[in-house]
Number of protein chains: 2
Amino acid sequence: MTEPEKTFSRIQLRNRKRILDAALEVFSQNGFRGSTLDQIASEAGLSKPNLIYYFSSKEDIHRTLLVDLLDIWLQPLRDIDATGEPREELLQYVQRKLQMSKEMPRESRLFANETLQGAPRLTEIMEGGLKDLVDEKAAIIDGWIAEGKIAKVDPVHLIFSIWALTQHYADFEVQIRAILGKKDPFKGAEIFLDMVFRKLLDPNT
Amino acid sequence: MTEPEKTFSRIQLRNRKRILDAALEVFSQNGFRGSTLDQIASEAGLSKPNLIYYFSSKEDIHRTLLVDLLDIWLQPLRDIDATGEPREELLQYVQRKLQMSKEMPRESRLFANETLQGAPRLTEIMEGGLKDLVDEKAAIIDGWIAEGKIAKVDPVHLIFSIWALTQHYADFEVQIRAILGKKDPFKGAEIFLDMVFRKLLDPNT
DNA sequence: GTCTATAATGCGATAGAC
DNA sequence: GTCTATCGCATTATAGAC
């Protein structure tokens, strides 16, 4: 029961990539319903029917985008290593997630838009996968706590807090820039978040 | 140059309230463009033209909602008192914001939807107001730091972190419930966030 | 004040020429 | 593979009866 093998020519691959790139730009800014094929076509430099030649529908573009990106998006969490130095592993996870907010804010907003609106087109994708991944990493963190390597904290809420604090800088960037003025949001965030989690995880407290 | 005095009859007030209530439900779930007058009318138990009798347009409903709610939304921040006990003031702000995420998740998601999409209909409303409010409270926090009452932290990023951590539980509720299963998100969050900020603000570190 | 009917536009998707 | 033209539906807003 494997998927039917889909193969694409070079030109197909290039155009599919252009469309998905344009779609990321548009969907992340306007959400699914707020985005139009006209916008995506214009951004991609292709005609509207040409989009539908490569993808069967607006939904199809969107779903393909989410599936492709979710994998990349969750990689830093997967990379948390049970055999690594506990505080370093977690502090590095924080910084990697913050860097992703800085370098991939559109991806962050794409997922935020979906989740905020009840994740109608996302639940089936991450059902089973995400919960299991979080549970697995929470068990690792619990192990570190039992060994006294880090302070006693609820591991799942710890992961939530890392998501919240890092993604906030991408998802609410407009607000943050309005308040910070000329200051670089991510420079300040890097220092601040390192301090927050260093204190939180310190086993001597 | 004051606004022209708008007065409404009892029945007008009641219907306007019903419409705004329905609009909050619909806009917070689908965003501005994802929402339709049909949905709002159905939710309010009124006909579509009747909505337009009370408000001049879909925009008008949305704008009225944002203006009305922003005031309530920012009240806990305004209430931070320079003369209060520093850690208590800040820990209480955290808990009040968390309680608002629990009791007013639709309001949280309404603002999140707007901000995420670049706050096109929000910037003029909060321009001038929000930055000044944050700067004012940041100055108070800086004063507390100078007195040694709380640990040395960037006060603006501290405020961002409170927003991020509390609003996350409303805005990403679907994801959080999917991962936590039957556990009450807010019970765990209350304890976790109290610990986070107690450690972060402890002046002896 | 509230309704039904409809105008006016925007948008996803298709037809068919090239 | 790509385009122009267009269908058909959804949606905002208005007209006009009651």
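Model, not experiment: these values are computed from the prediction. Below, read A as the first sequence line, B as the second, and so on, with proteins coming before strands; counting in each chain starts at 1. Below, each value reflects all heavy atoms present in this structure, side chains not excepted, and no hydrogens, waters or symmetry copies.
- Between the CG atom of B:Asn50 and the P atom of C:dT4 there is a distance of 11 Å, given to the nearest Å.
- In this model, the phosphate group of C:dG12 is not approached by any side-chain N or O of A:Arg33 to a distance below 4.0 Å at OP1 or OP2.
- Between A:Asp79 and A:Gln92, the side chains place no donor N or O within less than 3.5 Å of an acceptor N or O (distance only, hydrogens not considered).
- A salt bridge does not link A:Arg18 with A:Asp21: none of the charged nitrogens is closer than 4.0 Å to a carboxylate oxygen.
- Reading DNA chain D from its 5' end, the first and the last nucleotide to sit under 4.0 Å from a heavy atom of chain B are D:dT11 to D:dT14.
- The distance from the CD1 atom of B:Ile159 to the CD1 atom of B:Ile80 is 6.0 Å, given to the nearest 0.5 Å.
- B:Arg96 and B:Gln99 share no side-chain donor-acceptor pair at under 3.5 Å.
- Distance, A:Lys58 NZ to C:dG10 C1': 11 Å, rounded to whole Å.
- Here the P atom of nucleotide C:dG10 and the CG atom of A:Asn30 are 16 Å apart, to the nearest Å.
- Heavy-atom nearest nucleotides on DNA chain D were determined for A:Tyr54 and for A:Lys48, and the one closer to the 5' end corresponds to A:Tyr54.
- Taking the centre and axis of the six-membered ring of B:Phe32, the NZ or CZ atom of B:Lys58 falls inside the cone set by 45° and 6.0 Å.
- In this structure A:Phe111 satisfies the ring-ring contact (aromatic ring centres under 6.0 Å, His included) test together with A:Trp73, sequence neighbours excluded.
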